[in-house]
2 protein chains.
Amino acid sequence: MNKKQPLPWDNPRFHNWIAVARACQVMGLSLARALQPLDIKPPHLDILVNLFRTPGISQQDLADKLLVGRSNLSMLLPQLEKRGLLVRRSDPQDRRVLRLELTPSGTDLTLEAIAIQTDLIDRTMKTASTEECNLVGEVMTRIIHELTRPDGAIEARTEEAERKKA
Amino acid sequence: MNKKQPLPWDNPRFHNWIAVARACQVMGLSLARALQPLDIKPPHLDILVNLFRTPGISQQDLADKLLVGRSNLSMLLPQLEKRGLLVRRSDPQDRRVLRLELTPSGTDLTLEAIAIQTDLIDRTMKTASTEECNLVGEVMTRIIHELTRPDGAIEARTEEAERKKA
DNA sequence: TGCTTTTTGTTCATGGTTGTACAATTCTGT
DNA sequence: ACAGAATTGTACAACCATGAACAAAAAGCA
């Protein structure tokens with residue numbers, strides 16, 4: 001039954017990717033800790049940064065960008081709105097969508113959070129040269145493109161997505 | 001108030017790290033999908049692989065390796081044990097600890113899952129040469145070491161951890 | 001030995017994420 | 001114009017992960 005299964009510990013792609021995954025995990029934990037003083041978590045930061053760079057985006061488009069379910073944003077956004085960090089304005093052109101925008105205080109908080117994140121990344125990668133960083137980013141970009149191709153291994157097999165194909 | 005906050009979009013360390021984070025996210029989603037036929041999820045795979053490579057490990061040591069809370073394993077392990085994938089044998093030397101070990105069928109499933117993961121990684125990184133992979137792993141390893149230093153930004157600030165310092 | 005402290009695993013309340021079901025709105029094709 | 005399909009956001013139940021509180025066992029120390 002075992003159709004030749006050599007263990008992959010010596011496979012360069014395999015074990016180096018494992019290092020990538022672990023680095024992401026520890027970076028995520030460190031970021032969560034570094035953001036505690038601002039009382040936000042990494043998912044909130046993702047939202048805020050996207051709103052900063054793309055004001056007026058809809059909840060659905062934001063969910064697509066972040067690769068999370070839109071129900072997730074339906075829970076998170078009202079909570080950030082109550083904190084006065086953003087506003088959800090109904091679009092007169094299409095009354096289904098809510099256009100998202102940072103408030104001034106939301107923009108301030110976002111800039112603070114970005115500074116914290118940038119500082120963490122800079123300190124963490126201080127031993128990597130610009131050329132090394134660019135090569136890493138190059139490899140990662142190819143991975144992302146490979147996995148997000150239309151036939152890629154990424155789309156969730158939900159009923160809604162199945163119907164969309166038909 | 002704004003003490004010079006240039007936006008980091010052009011900072012090589014910053015934007016290349018963002019690519020790393022996104023690659024990890026899409027790879028995690030893809031792995032979850034690829035593992036569906038085996039009815040396990042990435043966290044289960046992490047557990048199984050560690051048990052495969054370190055038989056007889058205790059729950060606490062496993063939690064430390066995986067960087068998750070031990071209460072998490074207290075929920076997950078009995079469920080994997082009920083599926084017959086592993087056994088938890090009480091240590092006669094120290095009757096507090098439970099020694100974890102894969103069953104034969106657990107080993108089989110682990111090998112299948114590793115094959116699936118290896119295949120996914122190989123396909124995804126096929127455009128990256130061995131040298132590129134090794135450089136990526138090198139950079140990631142330095143990041144991990146930087147973040148897991150004793151004074152690093154990783155340890156959770158829990159009451160238990162605070163007491164340990166005193 | 002006795003007493004305190006530490007360690008291990010479990011239980012439980014809390015909060016986060018997901019997918020599904022649903023109402024409101026817009027689009028499509030005839 | 002109008003009925004059916006598609007899209008947007010919400011509500012909800014299920015599942016996962018976490019930290020705190022706890023009981024049992026071991027270790028440290030007088």
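Reminder, nothing fancy here: chain letters follow the sequence lines and each chain counts from 1. The figures that follow rest on heavy atoms only: side chains count, while hydrogens, waters and symmetry mates do not.
A:Gln25 contributes a side-chain N or O that, together with a main-chain N or O of B:Leu66, makes up a donor-acceptor pair within less than 3.5 Å. Side-chain N or O atoms of A:Arg13 include one that pairs as donor or acceptor with a backbone N or O of B:Ala128 at under 3.5 Å.
Contact between the side-chain N/O atoms of B:Arg99 and the OP1/OP2 oxygens of C:dT8 is not found at any separation under 4.0 Å.
Picking from C:dG9, D:dG9, C:dT11 the nucleotide with the shortest atom distance to the side chain of A:Gln59 gives D:dG9.
Counting non-hydrogen atoms under 4.0 angstrom, B:Asp94 reaches the backbone sugars and phosphates but no base. Nucleic acid contact for A:Arg70: base, since at least one base atom lies under 4.0 Å from a heavy atom of the residue.
For A:Leu73 and D:dG9, the CG to P distance is 9 Å, given to the nearest whole Å. Rounded to whole Å, the distance from CG on B:Leu77 to C1' on D:dA17 is 14 Å. Rounded to a whole Å, the CE atom of B:Met75 is 10 Å from the C1' atom of D:dC15. Look at CD on B:Gln36: it is 12 Å from C1' on C:dG19, rounded to the nearest Å. The distance between atom CG of A:Leu100 and atom C1' of D:dT8, rounded to the nearest whole Å, is 12 Å.
Qualifying salt bridge (Lys or Arg N to Asp or Glu O under 4.0 Å) partners for B:Lys126, counting only residues two or more places apart in sequence or in other chains: A:Glu146.
For A:Arg95 and C:dT25, a side-chain-to-base donor-acceptor distance below 3.5 Å is absent, hydrogens and geometry of angles not being considered. Counting atom types as modelled, A:Ser71 pairs a side-chain N or O with a base atom of C:dG19 as donor and acceptor under 3.5 Å.
Judged by a 6.0 Å distance limit and a 45° cone about the ring axis, B:Arg53 is positioned over the six-membered ring of A:Trp9.
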